[in-house]
Amino acid sequence: MTIPQLTLNDGWQMPAIALGTARVRGGAAVNQFQAAIHDGYRSIDTATSYDNEGAVGEAIRRSGVPRADLFVSSKLPGKYHRYADATTAIQESLYRLGLDYFDALLIHWPLPKRDHYVEAWQAMIDAQQRGLIRSIGVSNFEPEHLDRLIQETGVTPAINQIEMHPYWNQERMLQVDRERGILTQAWSPLGRGSDVVKEPVITQLTAKYHKNPVQIILRWHHQRGVVPLPRTHNLAHQRTNLEIFDFELTTAEMAQINALTKVEGRVVAGQDPNVYEEFE
């Protein structure tokens, strides 16, 4: 199976789909992540707050796949936004993973009330210059947060990872990212247990393309130029989530899925990046 590669604004490439790892820890995580690599995943997304960076690193070592063939990303939590804290936290994450560098590191949330995200961004810029990170990016950043980083440091994020699924299609933020040359990743790409897989338009498309509902939604993300990060405990589903590159939705079908969006479709109410506080 060949997974397409997308080129970031800094010249590095990343696979068009990644394995989400939230809420999976310990030995079970090692086994699941190792199976994912065996099945063809080459991009793995973790975070300090997921408490599984060690499991990701162990799965990579057990997989036998060369490090250069993998795209490993993690996220810097809010409690480490101060420059010195961010600098040491980056090093500690690499030690936990047992790696020499990140393919990508993201600021997990902006936390504008605390207003230290530019400081964290500068620490990441400096770590990138030292070879500890290839691509630097952000997660859950709004336009004003992105523009402030760019204006104050001159460095544009390569990635903005945001909540995105058919009930919360984030068309505005997708356009914001595109205008700035930022690649958008989708966390919770299926809506985290939502009923979107039962929507008539989705079920109709499953019959037409002989695909399951999850594959239809992941294909919708791909055709929008978005990198989805599906997460599942089911190893069979983990494999079939990769089978989205052999069919194409029409423009009209894409529009029908886009139309499923809701005024407030977030999976967790209150996770507005302008007010949400995350410090784990």
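Computation of the quantities below employed the complete heavy-atom set of this structure, encompassing side-chain atoms and omitting hydrogens, waters and symmetry-equivalent molecules. Numbering starts at 1 and runs along the sequence shown.
- Remark: Arg67 pairs with Asp103 by the salt bridge (charged side-chain N to carboxylate O under 4.0 Å, His left out) rule, at least two apart or across chains.
- Under the 30°/60° scheme for interplanar angles, the aromatic rings of Tyr276 and Trp109 are found to be tilted.
- Taking Asp246 as the reference, Lys211 meet the salt bridge (charged side-chain N to carboxylate O under 4.0 Å, His left out) condition, with sequence neighbours excluded.
- The side-chain hydrogen bond (donor to acceptor under 3.5 Å, both in side chains) check on Gln13 picks up Thr7, with sequence neighbours excluded.
- Of the possible donor and acceptor atoms, one in the side chain of Gln223 sits under 3.5 Å from a partner among the backbone N and O of Leu249.
- Within the structure, every pair that satisfies the ring-ring contact (aromatic ring centres under 6.0 Å, His included) test and touches residues 175-219, not counting sequence neighbours, is listed here: Tyr209-Phe247.
- Across Pro110, Pro112, Ser139, a single residue satisfies side-chain contact (heavy atoms from CB on, under 4.5 Å) together with Pro273, and that is Pro110.
- The one candidate from Lys75, Lys79, His108 that meets the side-chain contact (heavy atoms from CB on, under 4.5 Å) condition with Ser49 is His108.
- In terms of the side-chain hydrogen bond (donor to acceptor under 3.5 Å, both in side chains) criterion, residue partners of Arg180 (sequence neighbours excluded) are, by chain and number, Asp147.
- A side-chain donor-acceptor contact under 3.5 Å links Thr21 to the backbone of Asp45.
- Proximity of a side-chain donor or acceptor of Asn52 to a complementary backbone N or O of Ala55 within less than 3.5 Å is not detected.
- Judged by distance alone, the side chain of Thr240 and the main-chain N or O of His237 form a donor-acceptor pair under 3.5 Å.
- Side chain of Arg42 to main chain of Phe71: no donor-acceptor pair is present (N/O by atom type, distance under 3.5 Å, no hydrogens or angles).
- With a 4.5 Å cut-off on side-chain heavy atoms, Pro230 and Ile17 count as touching.
- A donor atom on one side chain and an acceptor atom on the other are found under 3.5 Å apart for Gln175 and Glu171.
- Salt bridge status for Glu277 with Arg114: present, with a side-chain N to carboxylate O gap under 4.0 Å.
- The backbone N or O of Asp85 lies less than 3.5 Å from a partner atom in the side chain of Thr88, making a donor-acceptor pair.
- A side chain to side chain donor-acceptor pair (under 3.5 Å) with Tyr167 is found for one member of Glu199, Lys262, Glu264 and no other, namely Glu199.
- Residues forming a salt bridge (charged side-chain N to carboxylate O under 4.0 Å, His left out) with Asp177 (at least two apart in sequence, or on another chain): none.
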